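These numbers come from a predicted model, not from an experiment. Atom set for the values below is all heavy atoms of this structure, side chains included, hydrogens, waters and symmetry mates excluded.
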Amino acid sequence: MAWVVLVLAGLFEIGWAVGLKYTHGFTRLWPSVATVLSMVVSLALLGVALRTLPLGTAYAVWTGVGAVGTVVLGIVLFGEPANAARLACAGLIVAGIVGLKLTAGH
């Protein structure tokens, strides 16, 4: 269950990272509110996952999920480059996440 909570925390991290773009420097009210709420939920869920998962593993997976998801949404929503090198680097992060999960022992 902690892994499910951790992945949810990572998804909310994606939400606040993308939300930052929509806040326009926190000058837009509703995107700012949604972004801050996503931050709070993400950190709260990370805290719950850390009750049973190793710190280094959980933090790396949390940031990895957030990083890869943000790269993907940057491509989809904002037209950021989707070249082979960039996608390969994101793939390496995914490989790291899978490797950490497989070696965590939980």
Side-chain angles (χ1 to χ4, degrees):
M1 189 60 161
W3 284 100
V4 172
V5 172
L6 182 59
V7 170
L8 284 173
L11 294 175
F12 276 96
E13 183 187 2
I14 296 165
W16 70 257
V18 172
L20 284 172
K21 184 79 167 171
Y22 288 108
T23 69
H24 294 279
F26 291 101
T27 61
R28 298 177 63 211
L29 178 62
W30 294 115
S32 298
V33 168
T35 298
V36 170
L37 285 174
S38 189
M39 288 175 177
V40 169
V41 171
S42 179
L43 287 171
L45 290 172
L46 176 61
V48 170
L50 284 172
R51 290 180 185 162
T52 56
L53 296 176
L55 172 63
T57 299
Y59 186 76
V61 169
W62 178 67
T63 58
V65 168
V68 171
T70 302
V71 167
V72 170
L73 287 181
I75 292 166
V76 172
L77 298 175
F78 305 115
E80 294 176 1
N83 57 52
R86 195 160 192 247
L87 295 175
C89 290
L92 289 171
I93 296 170
V94 171
I97 292 168
V98 171
L100 288 169
K101 166 63 172 116
L102 294 174
T103 61
H106 285 90

All heavy atoms of P54 vs all of A104, minimum pair found to be CG-O, 4.5 Å
All heavy atoms of A2 vs all of T52, minimum pair found to be CB-OG1, 3.1 Å
Could you state whether [X] and [Y] fall into the same hydrophobic cluster, counting links through intermediate Ile, Leu, Val, Met, Phe, Trp or Tyr residues with side-chain heavy atoms under 4.5 angstrom apart?
X   : Y   : result
V68 : F78 : yes
V41 : M39 : no
L11 : L77 : yes
L8  : V94 : yes
V4  : L45 : yes

Practice task
Mind checking the CG-CG spacing from L46 to L53? Nearest 0.5 Å is all I need.
Solution key: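 Answer rounded to 0.5 Å: 9.5 Å.
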Mind checking the CD1-CG spacing from I97 to L102? Nearest 0.5 Å is all I need.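 Atom-to-atom, I97:CD1 and L102:CG are 12.0 Å apart.
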Going by chain and number, the hydrophobic cluster around I75 (ILVMFWY, side chain to side chain under 4.5 Å) further includes V71, L87
Across all chains, not counting sequence neighbours, the side chain to side chain contact (heavy atoms under 4.5 Å, CB included) partners of V76 are V72
Solution key, residues 12-23 side-chain donor-acceptor pairs under 3.5 Å, sequence neighbours excluded:
residue : atom : partner : partner atom : Å
T23     : OG1  : L20     : O            : 2.9
T23     : OG1  : G25     : N            : 3.4
T23     : OG1  : F26     : N            : 3.1

The complete set of salt bridge (charged side-chain N to carboxylate O under 4.0 Å, His left out) pairs with one or both residues in residues 67-83, sequence neighbours excluded, reads E80-R86
Review point. Where the side chain of T70 meets the backbone of G66, is there a donor-acceptor pair that is under 3.5 Å apart?
Key: yes
Compile the donor-acceptor pairs under 3.5 Å between side chains in residues 55-62 and protein atoms, sequence neighbours left out, one pair per line.
residue : atom : partner : partner atom : Å
W62     : NE1  : A9      : O            : 3.4
W62     : NE1  : S42     : OG           : 2.9

Salt bridge (charged side-chain N to carboxylate O under 4.0 Å, His left out) filter on R28, not counting sequence neighbours, yields none
